[in-house]
Amino acid sequence: MTAPTLPSRFDPAEIEARWQRHWEAQRCFQAPERPQGPRFVLPHPPPNVTGVLTLGHMLGDTVRDTLARWHRMRGEATLWFPGLDHAGLATQVEVRRRLQKQGIRLEDLPREQVLAHVEAWKREHEARILEQIRAGGFSVDWSRYRYTMDDGAVRATRKVFVELYERGLIYRGERIVNWDPRLRTAVSDLEVEHAEEPADLLYVRYPWADGAPGGLLVATVRPETVFGDVAVAVHPEDPRHREALGRQVLVPLTGRSVPVIADPGVDREFGNGALKVTPRHDPLDFEIARRHPELAQPPSILSDDGHLEGDWVPSPYRGLDRDEARVTVSEALRAGGFVDRTERIVHSVGRSERSKAVIEPRLSRQWFVKVRELAPPVVAAVRAGTIRIHPPRWDLTFFRWMEALQDWCISRQVAWGHAIPVYYCAACAHEMAAESPPVGCPKCGASRLTQDPDVLDTWFTSWLWPFLALGWPEETSDLAHYYPTSVLVTGRDIMFFWVARMMMAGFAFRGAAPFSDVYFTGMLRDEQGRRMSKHLGNSPDPLDVVRNRGADAMRFALLFPNPVDQDGPFGEGTLDGARNFLTKLWNLVRFALPYLPEGSSPAAPPPLTTGSSLEDRWVVSALGRTLEQVDASLSAFEFTKAAGALYEFLWHDLADRYVEVAKEALSGQRGEAASREARATLLFVLDQLLRALHPMVPHVTEELWHALPHEGETLALAAWPRASEVRRDPEAEVAFEVVWDAIRTFRNLRAESKVPAGERPDAAVLPTGAEERGLLERELATVRRLARLGELCLLGSAAERPPSPTRSVTAHGEFFLLRPATVESGEAVERERERLTALLERTRARLADPGFRARAPPEVVAETEAKVRDLEDRLRRLADTVGEAP
RNA sequence: GGGCCGGUGGUCUAGCGGUUAGGACGCCGCGCUUACAACGCGGAGAUCGACGGUUCGAAUCCGUCCCGGCCCA
């Protein structure tokens, strides 16, 4: 007999690379141009070219691949389109950092040179990122790879800008924006991280302008901005400051006289209830100044890189960096006797996500999108369930944000990004937005036009991804066939940046939701529970993980045992578990191979009948149950449950129980017919199991499937198992449980009474009823073999009970090891009796409660009564066997 | 300040009104066996964060509080 063989050790590196090449060469994952029937479409969140992929990306990709391969095996036209994001500001920051190490300041370079450096960066990182995706074995369609800066993306971005501009949803305006003085650009609200930080709160006295003694105490953490003050504001209903209203105070260090005004925006609880109004450098102050048009229009006092500037700043302070200025001004205020007191407080400080510089609120002219007007269809779709969010607990967070949308600042003062397609006439200053550069001014005919110098926020392109990547603005065949997409899988961290905006864009430009489901994965932590971060160095490179443990082990470890949708630990321990699982699978197939020689028929449902062996009937039924659960779990985006069901079945049902029971039949000791049936059953179950596991661990399953008799070219394109066609056999499941109970009980008795492993003690069993008797009679040999017993005697009646103290009572029977008493066996019986007695008392007490009988549903009462009867019976038998009265 | 999530054996978690509270890792004992020591068999270990309430019945529902994490302002 020539059996196909497998190496005794499973070497993922060789196997994985081989199958990855095969799948790619065979174009297994290229979606058809003209798909028929149901479709399944996954957008790949294009990773930032900024860096390399993290395990967090691998988690998302594993989930996506599990979905993609599952749907593909179910026969759906499946498209997973990959891409890359140019990540404007983020990438420029990285390039800037790299140049800095070479002693070059990015700001000193002409734009073309900056772009050349960015392009070089992109080439290096793109290669690495693609290598990482390939190493994971993810079934993306490389023929549809896109980049958010390619020609199509440029056209799409410009078209969207112009369209929104023409609809009046994009405007340019002077607003207080979040200014990053280190990167010298505006950033959006979402790019600001708030954190509690300590600060000195100065109580500064603003003297009365009329020379009266005293003055108004104003509390501030930003004394350096006094030079931009145009007023001091108090709450109109604040009795402390009623008399100050309408008077003038002098701004310290400048001698300028400003009015005390009333405004309801002032927080009476903060400081002394008086607020210095610096309109160009604080959003609230800006609002207040808008309500008081009589106030002076101040010039900017802070430059774009955070230095004091302008006529209102006295010369000694001009040119100081804002941090130095804070110290210098504080000292000057103290020296001048203006500081009443200082408090150390903790307050919320905003920092730029990219540069970590403290955000400077700054009046600035920027481009904005009125996103509020794009929101209603999105909110309606999520409310109506047209778009479903998983897990659903994120609905609330989503709605809260959608309902409080602020205008989105989309202009950035950096080099790397899509240029804003707005042109200004040099002659008449006419402003126009156009998809391609206009040749002349449509208004005055002048030919000299200048383009807006700013570029767009990266997300202004990314939010178009689901249709951009399918060819829009061209009405491509892909767009017609594959839009809208099916599921967006991503991390919650970009729920607002990206997910919500994609929905808005989908409705605004395609008139439809971009996807029907959103699935948020959790965030990975290390095994100490810390967030994975570059900074901590606890975030391994996925390529290293793949090299050391294999892609399949990485993938399975990401799915199981920790819930995919919760933040959870990931590390060596989790990877070990996954590797062990795959090794188990590997060895299971190795075990099976000699029974399935070359030329065996490919897997098919074994022709089982009620006369077939119990284990065959049982294992097929258990498989059916498992497959059903896998389908239900995957449909509900419960990946961990699906993985868990397969883990449980493979390890504990198939390997620990079925194979052990079936070894006899497989090897032919029960005759030719039994052997044939067992082999067919084993092959069928393994084949179905490999199919069901394939979406999660594609390489090892593909390898093993090919080692077994099979039909078809590749498992990746084989049919998904149909749970409904797997023979279910509830009777066999119950019966097997009785047999296993006997095996387990005898094994227990052996261990409790320290029977040496090599010894085969004689034993006896008194079954509870006729059914158990028949079953145990039929399966006597199996029980003996797996419990490693000598003779096993089936007792005819209670009178035949042996006096052995090594005994145990279960719901199915009384079990005896026929060997001399030991201290341990006596203690074990005693412990069991105590446990059952306590349980019985508790259950009786519940039954004795009149309220229970009156209010509980009848079936629960009946159940409880049955439980009491069972416990009483078991205790009586336990007492009997020990030779005591009940 | 507002909101969300979580608190179950040493660790990670399942269960989310009636269960003898399940599993994995770790730990302890024994290692016979036609795949697998990255393994097998068995075991110990949890008053389910605290206190109240609802209920015949609460890990599970409600309230308050404490602890950890995250998001928004």
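By convention in this document, chain letters (A, B, ...) are assigned in the order of the sequence lines, proteins followed by strands, and residues within each chain are numbered from 1.
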(message) Determine whether a donor-acceptor pair (one donor, one acceptor, N or O, separation below 3.5 Å) exists between the side chain of A:Glu648 and the base of B:A14.
(response) no

(request) Whole angstrom is fine here: how far is it from CD in A:Glu832 over to C1' in B:A44? (result) 16 Å

(message) How about CD on A:Glu859, more than 12 heavy atoms from neighbouring residues, nucleotides or ligands closer than 6.0 Å, or not?
(response) yes

(request) Look at the side chain of A:Arg788 and the base of B:C32, then say whether one donor and one acceptor between them are separated by less than 3.5 Å. (result) yes

(message) Using atom C1' in both nucleotides, what's the gap between B:A38 and B:U47 to the nearest angstrom?
(response) 38 Å

(message) Less than 4.0 angstrom between a side-chain N/O of A:Lys584 and OP1 or OP2 of B:G40, yes or no?
(response) yes

(message) Given B:A35, B:A73, B:G18, identify the nucleotide with an atom nearest to the side chain of A:Glu863.
(response) B:G18

(message) When you measure from the centre of the six-membered ring of A:Phe399, is the NZ or CZ of A:Arg383 closer than 6.0 Å and no more than 45° off the axis?
(response) yes

(message) So, does A:Gln566 get its side chain near the phosphate of B:A14, meaning an N or O under 4.0 Å from OP1 or OP2?
(response) yes

(request) Look at all strands and tell whether A:His652 reaches a base, only sugar-phosphate, or nothing, counting heavy atoms closer than 4.0 Å. (result) sugar-phosphate

(message) Regarding A:Arg846, tell me which of base, sugar-phosphate or nothing describes its non-hydrogen contacts under 4.0 Å with the strands shown.
(response) sugar-phosphate

(message) Any side-chain N or O of A:Asn580 below 4.0 angstrom from OP1/OP2 of B:C39?
(response) yes

(request) Return the nearest nucleotide to the side chain of A:Val659; candidates are B:A73, B:U13, B:A35. (result) B:A35

(request) Pick the P atom in B:G69 and in B:C32, then give their distance to the nearest Å. (result) 49 Å

(message) On the side chain of A:Gln669, is there an atom forming a donor-acceptor pair with the base of B:U34 - under 3.5 Å, no angle test?
(response) yes

(message) When you measure only distances, ignoring hydrogens and angles, does the side chain of A:Arg760 come within 3.5 Å of the base of B:U33 through a donor and an acceptor?
(response) no

(message) Salt bridge or not between A:Lys867 and A:Asp870? Use side-chain N to carboxylate O under 4.0 Å.
(response) no

(message) Looking at A:Asn748, I'd like to know whether one of its side-chain N or O atoms comes within less than 4.0 Å of OP1 or OP2 on B:G43.
(response) yes

(message) Using atom P in both nucleotides, what's the gap between B:G43 and B:U64 to the nearest angstrom?
(response) 44 Å

(request) Would you indicate, yes or no, if B:G40 has its OP1 or OP2 atom less than 4.0 angstrom from a side-chain nitrogen or oxygen of A:Trp651? (result) yes

(message) If I pick the C1' atom on B:C12 and the same atom on B:C65, what distance separates them, to the nearest angstrom?
(response) 27 Å

(request) Could you tell me whether the side chain of A:Arg501 and the main chain of A:Phe497 form a donor-acceptor pair under 3.5 Å? (result) yes

(message) Please give the distance between the P atoms of B:A24 and B:C67 as a whole number of Å.
(response) 35 Å

